[in-house]
Colleague: 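Sharing a structure, written as structure tokens. Questions coming.
Along the sequence shown, residues carry numbers from 1.
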Amino acid sequence: MFGGKLIGHNDPHHHEKIIKFDELLADCFIYSTACDITDAANAIAAEGRPVDPDDLVL
């Protein structure tokens, strides 16, 4: 929604709604990535291999 018709819209409440939606979407991606990393680390640990904490940094 960057640019285009959004810039022509001058309603602060509408802008705030868009920003909150973007933040929620970013939070969902971060959560999903953290879950994927946790699953991968658990799979490695289940195989009996050591998991280095430095490799888990996002």
Colleague: Can you give the donor-acceptor pairs under 3.5 Å from side chains of residues 38-49 to other protein atoms, not counting sequence neighbours?
Modeller:
| residue | atom | partner | partner atom | Å |
| --- | --- | --- | --- | --- |
| Thr38 | OG1 | Ala34 | O | 2.8 |
| Asn42 | ND2 | Thr38 | O | 3.3 |
| Glu47 | OE1 | Arg49 | NE | 3.4 |
| Glu47 | OE1 | Arg49 | NH2 | 3.4 |

Colleague: Name the atoms and distances for all side-chain donor-acceptor pairs under 3.5 Å in residues 17-29, with sequence neighbours left out.
Modeller:
| residue | atom | partner | partner atom | Å |
| --- | --- | --- | --- | --- |
| Lys20 | NZ | Glu16 | OE2 | 3.3 |

Colleague: With sequence neighbours excluded, tell me which residues meet side chain to side chain contact (heavy atoms under 4.5 Å, CB included) with Asp36.
Modeller: Ser32

